[in-house]
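Reviewing the structure listed below.
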Amino acid sequence: MFNLKRNTIISYFFLFVFIMMLSSCKTVTVTSDFPSAMEGSLNNIIPKPVSVNLSGGTFLFDYDSDIYVDPGNAETAFIAEYLANKLRPSTGYNIFVIPAQEIPDGGNIYLTMVGADPSLGEEGYEIIITEGLLTLKALKPAGLFRGVQTIRQIFPPLIDAESIKDIKWEIPAGVIKDYPRFEWRGVMLDVARHFFSVEDVKSYIDMAAYYKINRFHMHLADDQGWRILINSWPNLAVYGGSTEVGGGEGGYYTQPEYEDIVKYAAERFITIVPEIDMPGHTNAALASYPELNKDGIAPPLYTGIKVGFSALDVRKDITYKFIDDVIRELAAITPGEYIHIGGDEAPRVDSADYHYFIGRVQKIVHSYGKKLIGWDEISVTELSPTSLVQHWVNPEISHAVKQNVKIIMSPASRMYIDMKYDSTTVLGLKWAGYIEVQHGYDWDPASFRDGITEENIIGVEAPLWAETINTIDDIEYLAFPRLPGYAEMGWSPVSLRDWEDYKKRLANHGLRWTEMGINFYKSPQVPWK
Ligand code: TNX
């Protein structure tokens, strides 16, 4: 009796040990077509790459894998370190960045600019995955950085976890060749209606970088707030930035803070495009300096959300002294080629004055070595061929085409990520209609407006206006899941864009956002896991 019991205990013990061994075994075999948090794949990448070919077999990244780089190239080493930082938390591996003396093997990643195909251009890249090595090749550092985002997305979604996940970091072998459709792939954040901290801005830049966005437009001044310190006109920020929509505290960036954002973006191969909206949308400036007003009297600060009531006095010299100082200081801390001067919704400036104003401001922008961007309305004025027009809603955009000026496509009815998803969305506005995920994705910028074709377009940009949003959680909720769709529109060949395929990839990215702690809208149109 005793012996029988003892034998039972012993067999239960071995059974227990066996089960424990099984459960700690790292092999994960998931074969379903549906996205899994533990499965690496070449089919979940957003934006969809130009070409993907599986070659059979798998590559395993494990505890002794490292990242090799071309020796003596600081920029490549910096990008490799960025990748290592993204892979360390979830793998828990001690990943080193090592100068390669020869082509490495044995489960490593290798970043190189040697022997890349010249057709890859500024931002293109190639990834060659064999059983022994994952090679990322590009002609330029920007291409390596875009390719690094692809590498992150080929790993299982748990790669984006903040703590160690004990799974097999296995990905299929194959070759990816990829380059962008448009040179301009932007997002815009309105920091004027509500102020967002440097940290929030960086966080949005990071999310944009994951989707190969390369322009970050900051709407720095509007009726409700002036958000960049101009040393020669300090009240603009100190007083004009002291509130926001709803009467909150507001805020502004000092020039070193702005430069810190510029540097942070540049490290992600993203160019900052600053906007000072004028001659309308200028109440914050008018409230800060009485001399900028027609009657010399400063209006009170404004915390509502109406538009069209404010205007600079476009016939006063002091107005141009002010603009010259602002553009000079801004140009000096902006390495990017462009300064955005707004130009939208200025009903209080008559047509002749408006033409005169935009012409004069364009000259000022040029005098500081920059090119000009403005919204639709500037299309009717005489523009330099180097200027760009950002299309949001107005038929005047046809004049930009006539003048041969390139267009950034941001049609409000499809691309304004401050529009509500549907009637139940709490945040956002609805003047341009609801934009559910498919409605935002399923159209093409080169066939959307009569007379605007591929040759007229420099790219796309998704604006996020901030009348109704106040926190990074709010930004995330409106940007996700829509932002990746605009990134794909800017990057991927139109022939590869397909909603049925895209929505499955979005579901996979939902798993990634969950790991990253991104607050996203669980659209019923997406088959979330
Ligand atoms: C229109 S787009 C505006 C902005 C608002 C936005 C809200 C543009 C040039 N003007 O001032 O914030 O709609 O959706």
Side-chain angles (χ1 to χ4, degrees), residues 186-196 215 217-227 244-246 250 273-286 302-312 338-349 354 357-358 361 372-381 387-397 399-400 407-421 425-435 439-440 445 449 460-470 474-475 477-479 482-483 486:
V187 291
M188 187 210 84
L189 181 64
D190 168 13
V191 295
R193 270 55 176 273
H194 280 97
F195 180 68
F196 293 93
R215 298 288 191 284
H217 168 181
M218 297 179 76
H219 186 76
L220 286 168
D222 211 302
D223 291 318
Q224 298 85 347
W226 184 286
R227 308 300 180 199
E244 59 185 13
V245 168
V273 181
E275 177 185 354
I276 301 292
D277 204 346
M278 56 183 131
H281 290 268
T282 40
N283 189 76
L286 297 167
Y302 181 68
T303 60
I305 65 166
K306 291 203 185 91
V307 295
F309 60 90
S310 58
L312 294 170
Y338 292 95
I339 304 270
H340 200 308
I341 58 105
D344 59 310
E345 299 175 311
R348 300 194 46 196
V349 180
Y354 185 80
F357 178 82
I358 299 294
V361 174
L372 174 135
I373 311 180
W375 298 100
D376 283 343
E377 288 88 332
I378 70 161
S379 309
V380 297
T381 70
S387 295
L388 301 177
V389 180
Q390 185 163 9
H391 174 51
W392 64 292
V393 79
N394 294 300
E396 280 84 35
I397 190 65
H399 294 268
I407 298 167
I408 302 166
M409 288 295 280
S410 304
S413 62
R414 299 284 184 149
M415 289 193 85
Y416 267 30
I417 37 187
D418 60 311
M419 291 302 119
K420 293 174 184 289
Y421 292 100
T425 315
V426 175
L427 297 171
L429 301 172
K430 59 178 184 190
W431 69 265
Y434 298 126
I435 308 183
H439 190 66
R449 289 260 182 260
V460 294
E461 186 175 296
L464 178 48
W465 299 98
E467 284 93 337
T468 67
I469 62 173
N470 203 0
D474 296 346
I475 292 180
Y477 189 79
L478 290 178
R482 289 181 288 201
L483 182 155
Y486 304 121

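Being a predicted model, the structure only gives us computed values, none of them experimental. When a ligand or atom number is given, it counts from 1 through the structure's own listing order.
Paired with His219 under the rule side chain to side chain donor-acceptor pair (under 3.5 Å), one option of Glu275, His281, His340, Arg227 passes, and it is Glu275. Each of Ile435, Leu483, Leu464 was compared with Leu478 under the side-chain contact (heavy atoms from CB on, under 4.5 Å) criterion, and only Leu464 meets it.
Applying the salt bridge (charged side-chain N to carboxylate O under 4.0 Å, His left out) test to Asp222 and every residue at least two apart in sequence or in another chain returns Arg193. A search for ring-ring contact (aromatic ring centres under 6.0 Å, His included) contacts involving Tyr486 returns nothing, not counting sequence neighbours. Among residues two or more places apart in sequence or in another chain, the side-chain contact (heavy atoms from CB on, under 4.5 Å) test is passed with Thr381 by Tyr354, His355, Ile358, Ile378, Leu383.
Protein residues with any heavy atom under 4.0 Å from ligand 1: Arg193, His281, Asp344, Glu345, Trp375, Trp392, Tyr416, Asp418, Met419, Leu429, Trp431, Trp465, Glu467.
Note: Trp465 and Trp375 have tilted aromatic rings, judged against thresholds of 30 and 60 degrees for the angle between ring planes.
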